[in-house]
Amino acid sequence: AVELHYAVGSRHDAAFLAELSGLLGDRLIVNASDEGRRIDLDETSILAEARDKAGLADFGDESFREPLRRLLRSLAEEAHLSASGLASQRARVVDSLVTRLMTQAAFQRHPEILDERIEDPVVIVGLARTGTTMLHRLLASGGDFQAAAWWEVRYPAPFPGSDWRRADPRIPAARAEVAMILEHVPV
């Protein structure tokens with residue numbers, strides 16, 4: 001489920017709090033400075049939150065831990081983020097760790113996944129607004145390449161309890177996330 005982290009000085013001054021609460025219920029996380037709730041980028045609490053959200057504990061290879069520590073330190077000390085920015089980045093890190101936990105669980109259930117070979121991959125890299133998305137869509141439309149759909153990239157591991165004989169629940173989850181993003185940050 002998609003959560004919205006709302007960082008505000010006080011609940012009293014928060015715009016649209018009642019409306020957001022009505023729409024999201026317990027998926028709205030309010031971080032109000034005057035309530036003493038601070039956004040913590042502590043590695044231990046972030047890992048614990050990811051484990052709790054995923055209902056899983058095994059992250060697999062631990063080599064991600066040092067880069068994670070560096071990222072968290074940079075966000076806390078170098079990025080000069082607002083409370084809203086800190087809340088947003090914490091949520092993104094937790095979300096990425098949940099995805100890692102779910103992917104690791106998929107590897108454990110189906111180790112044959114690791115035997116799959118991807119030959120001659122094409123990787124598109126570029127700065128924002130330079131046409132990379134257009135190039136990706138152009139290559140994907142031709143039939144010579146297999147391109148991952150956004151929902152596959154966003155949710156690479158199947159959700160717990162998924163049944164491949166039914167519609168994939170990652171698709172409506174991704175659509176809901178995009179709709180929420182577009183509603184709250186219109187283009």
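Numbering starts at 1 and runs along the sequence shown.
Taking each heavy atom of Pro169 and Phe159 in turn, the nearest pair found is O-CE1, 3.7 Å. The two residues Ile113 and Ala106 make their nearest non-hydrogen contact at CD1-O, 3.9 Å. Contact record, Ala76 with Leu41: N-CD1, 3.7 Å, taken as the closest heavy-atom pair. Closest of all the heavy-atom pairs between Arg117 and Glu119 is NE-OE2, 3.5 Å.
Asp26 CG: 12 or fewer foreign heavy atoms inside a 6.0 Å radius. With a 6.0 Å radius and a threshold of 12 heavy atoms from other residues, nucleotides or ligands, Glu112 has its CD atom above the threshold.
Once rounded to the nearest 0.5 Å, the distance linking CZ of Arg170 with CH2 of Trp150 reads 12.0 Å. Here the straight-line distance linking atom NE2 of His136 with atom CG of Leu138 works out to 11.0 Å at 0.5 Å rounding. Taking CD1 from Ile46 and CG from Asp40, the interatomic distance works out to 7.0 Å, rounded to the nearest 0.5 Å.
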For Asp168 and Tyr155, what are the C-alpha separation, side-chain angles and deciding distance, and is it a side-chain contact (heavy atoms from CB on, under 4.5 Å)?
CA-CA 11 Å; Asp168 195 320; Tyr155 300 111; over 6 Å; no

Step by step, would you call Leu28 with Leu23 a side-chain contact (heavy atoms from CB on, under 4.5 Å)?
CA-CA 9 Å; Leu28 176 65; Leu23 285 170; over 6 Å; no

What's the verdict on side-chain contact (heavy atoms from CB on, under 4.5 Å) for Val178 and Arg175, showing C-alpha distance, side-chain angles and the deciding distance?
CA-CA 5 Å; Val178 169; Arg175 285 185 179 143; 5.8 Å; no

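The pair Glu49-Arg90 meets the salt-bridge criterion, since a charged nitrogen lies less than 4.0 angstrom from a carboxylate oxygen.
Taking 4.5 Å as the limit, every side-chain heavy atom of Pro156 sits out of range of all side-chain heavy atoms of Arg100. No side-chain heavy atom of Leu72 sits under 4.5 Å from any side-chain heavy atom of Gln89. The shortest distance between side-chain heavy atoms of Leu97 and Leu68 falls below 4.5 Å. Counting heavy atoms from C-beta on, the side chains of Thr133 and Arg137 come closer than 4.5 Å. Thr99 has its side chain out of reach of Met102: every pair of non-hydrogen atoms, C-beta onward, lies at least 4.5 Å apart.
In terms of the side-chain contact (heavy atoms from CB on, under 4.5 Å) criterion, residue partners of Arg51 (sequence neighbours excluded) are, by chain and number, Leu47, Ala57, Phe59, Leu101. Taking the side-chain contact (heavy atoms from CB on, under 4.5 Å) definition, one finds that Glu19 meets it with Phe16, sequence neighbours left out.
Although no hydrogens or angles enter the test, the distance criterion places no donor-acceptor pair under 3.5 Å between the side chain of Ser21 and the main chain of Leu17. Of the possible polar contacts, none joining the Thr132 side chain to the Ala128 backbone as a donor-acceptor pair under 3.5 Å is found. No donor-acceptor distance shorter than 3.5 angstrom exists from the side chain of Thr130 to the backbone of Gly126, with no hydrogens or angles considered.
Within the structure, side-chain hydrogen bond (donor to acceptor under 3.5 Å, both in side chains) contacts touching residues 56-73 (residues at least two apart or in different chains) are Glu43-Arg65, Glu43-Arg69, Asp58-Gln108, Asp61-Ser63, Glu62-Arg65, Glu66-Arg69, Glu66-Arg70.
Annotation for Val122: hydrophobic cluster partners, listed by chain and number, are Ile124, Leu135, Leu139, Phe145 (ILVMFWY side-chain heavy atoms under 4.5 Å, direct or chained). Val123 belongs to a hydrophobic cluster whose remaining members, ordered by chain and number, are Val125; membership requires side-chain heavy atoms of ILVMFWY residues under 4.5 Å apart, directly or through intermediates. Hydrophobic cluster of Trp151: the remaining members, joined at side-chain heavy-atom separations below 4.5 Å, are Ile171, listed by chain and number.
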